[in-house]
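Note that the structure is predicted; figures quoted are calculated from it, not measured. If you read the sequence from its start, that first residue is 1, and numbering goes on from there.
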Amino acid sequence: MTASAATPESPDNEGIPESRRINTADLYDERGEELDSIALQFQSLGGLSHFSGPARTIRCLEDNALVKSTLGTPGEGAVLVVDGAGSLRTALMGDMIAASAVANGWAGVVINGAVRDREVLADLPLGVKALGSNPRKSTKTGAGETDVELEIDGVTVRPGAMIWCDPDGILVERQG
């Protein structure tokens with residue numbers, strides 16, 4: 001299959017040439033000293049198993065208003081990293097917000113917290129990593145911060161740093 005036949009919309013990366021699928025284990029073997037690995041065991045819940053891009057960041061606790069508004073803007077292939085403090089009490093993203101992310105060109109979302117609508121998320125052409133799921137909605141007051149430095153499992157995620165995700169885990173480019 002030629003590269004032109006591949007589409008980012010392909011579920012689970014079908015049709016995407018191996019040359020465009022970056023495996024984190026291989027990347028770590030090549031560039032280990034330049035990368036940090038998040039050891040926390042995130043679940044792969046989206047339709048794309050491999051995704052990467054520059055990080056955009058949000059810190060919020062059980063309030064997804066910033067997640068919704070951010071994913072409603074052009075993503076240009078970025079990965080939104082949301083530090084929800086590991087809370088599984090409410091979902092920070094569901095099917096409607098994820099569909100908005102797809103429509104706006106986001107590569108994926110990493111949520112240190114919960115999502116909902118797992119079956120729909122699995123069918124969307126979007127990378128999704130989260131700790132788990134909960135059907136309970138979050139609040140929508142807008143509490144939180146965007147484009148801030150995050151620390152997840154001892155790994156610093158800065159806005160603009162490259163992030164790579166696949167079934168093996170999450171790698172983050174060290175900066176500074």
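- At least one side-chain heavy atom of Leu171 sits less than 4.5 Å from a side-chain heavy atom of Tyr28.
- Nearest approach of Ala91 to Ser138, heavy atoms of both residues: O-CB, 3.3 Å.
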Subject >> Pair Val109-Lys129, side chain to side chain contact (heavy atoms under 4.5 Å, CB included): steps then yes or no >> reply: CA-CA 6 Å; Val109 182; Lys129 291 272 200 182; over 6 Å; no
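- One distance of note links OG of Ser49 with CG of Asp168; it measures 10.5 Å at 0.5 Å rounding.
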Side chains of residues 73-83: which donor-acceptor partners sit under 3.5 Å, not counting sequence neighbours?
| from | atom 1 | to | atom 2 | distance (Å) |
| --- | --- | --- | --- | --- |
| Thr73 | OG1 | Thr70 | O | 2.6 |
| Asp83 | OD1 | Ala85 | N | 2.9 |
| Asp83 | OD1 | Asn112 | ND2 | 3.0 |

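- In this view, Glu151 satisfies the salt bridge (charged side-chain N to carboxylate O under 4.0 Å, His left out) rule with no residue, not counting sequence neighbours.
- Looking at residues two or more places apart in sequence or on another chain, you find a side-chain hydrogen bond (donor to acceptor under 3.5 Å, both in side chains) between Thr141 and Asp63.
- With hydrogens and angles ignored, the 3.5 Å screen pairs a side-chain donor or acceptor of Asn134 with a backbone N or O of Arg136.
- Partners of Asp166 according to the side-chain hydrogen bond (donor to acceptor under 3.5 Å, both in side chains) rule, which considers only residues two or more places apart in sequence or in another chain, are Thr24.
- In Arg31, the CZ atom is crowded: over 12 heavy atoms of neighbouring residues, nucleotides or ligands sit closer than 6.0 Å.
- No side-chain heavy atom of Leu126 sits under 4.5 Å from any side-chain heavy atom of Phe51.
- Residues Leu66 and Ala143 share a closest heavy-atom pair of CD1-O, 3.9 Å.
- Atoms CD and CD1, from Glu30 and Ile22 in turn, are 9.0 Å apart once rounded to the nearest 0.5 Å.
- The side-chain hydrogen bond (donor to acceptor under 3.5 Å, both in side chains) search around Asp117 returns none, not counting sequence neighbours.
- Within the 4.5 Å cutoff, no side-chain heavy atoms of Val155 are placed close to those of Ser37.
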**OP:** Check the pair Val115 / Leu121 against side chain to side chain contact (heavy atoms under 4.5 Å, CB included), numbers first and verdict last.
**Re:** CA-CA 9 Å; Val115 296; Leu121 295 182; 3.7 Å; yes
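- Judged purely by atom type and a 3.5 angstrom limit, Asn104 uses its side chain to pair as donor or acceptor with the backbone of Leu71.
- Contact of the Leu131 side chain with the Gln43 side chain is not registered, since no non-hydrogen atoms from C-beta on lie closer than 4.5 Å.
- The nearest pair of heavy atoms linking Leu124 to Ala98 is CD1-CB, 3.6 Å.
- Closest approach of Pro135 to Arg116, counting heavy atoms only: O-NH1, 2.6 Å.
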**OP:** List the steps and the verdict of side chain to side chain contact (heavy atoms under 4.5 Å, CB included) for Leu27 and Leu35.
**Re:** CA-CA 9 Å; Leu27 185 61; Leu35 306 170; 3.8 Å; yes
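- Between the CE atom in Met93 and the OG atom in Ser100 there is a gap of 10.5 Å [rounded to 0.5 Å].
- Side-chain atoms of Val128 and Ser44, non-hydrogen and from C-beta on, never get closer than 4.5 Å to each other.
- Scanning all heavy atoms of the two residues, the minimum distance from Asp153 to Ala39 falls at OD2-N, 2.9 Å.
- Looking only at side-chain heavy atoms (C-beta outward), Asp36 and Thr156 stay at 4.5 Å or farther from each other.
- We find the CD1-OG distance between Ile111 and Ser87 to be 11.5 Å, quoted to the nearest 0.5 Å.
- When the side-chain hydrogen bond (donor to acceptor under 3.5 Å, both in side chains) test is applied to Lys140, the partners found at least two apart in sequence or on another chain are Asn64.
- Side-chain contact between Met96 and Lys68: absent, with no pair of heavy atoms (C-beta onward) separated by less than 4.5 Å.
- For the pair Glu149/Thr57, no side-chain contact is recorded, criterion being any heavy-atom separation below 4.5 Å from C-beta on.
- No chain of hydrophobic side-chain contacts below 4.5 Å, direct or via other Ile, Leu, Val, Met, Phe, Trp or Tyr residues, connects Ile152 to Leu61.
- A salt bridge links Glu145 and Arg59; the closest N-O separation between the charged side-chain nitrogens and carboxylate oxygens is under 4.0 Å.
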**OP:** Assess whether salt bridge (charged side-chain N to carboxylate O under 4.0 Å, His left out) is satisfied between Glu34 and Arg174, documenting all intermediate values.
**Re:** CA-CA 6 Å; Glu34 303 167 17; Arg174 290 184 188 148; over 6 Å; no
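- Between Leu48 and Ala107, the shortest heavy-atom distance links the atoms CD1-O, 4.3 Å.
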Original post:
How far apart are the C-alpha atoms of Val110 and Cys165, what are their side-chain angles, what is the distance that settles it, and do they pass the side chain to side chain contact (heavy atoms under 4.5 Å, CB included) test?
Top reply: CA-CA 9 Å; Val110 174; Cys165 304; 3.8 Å; yes
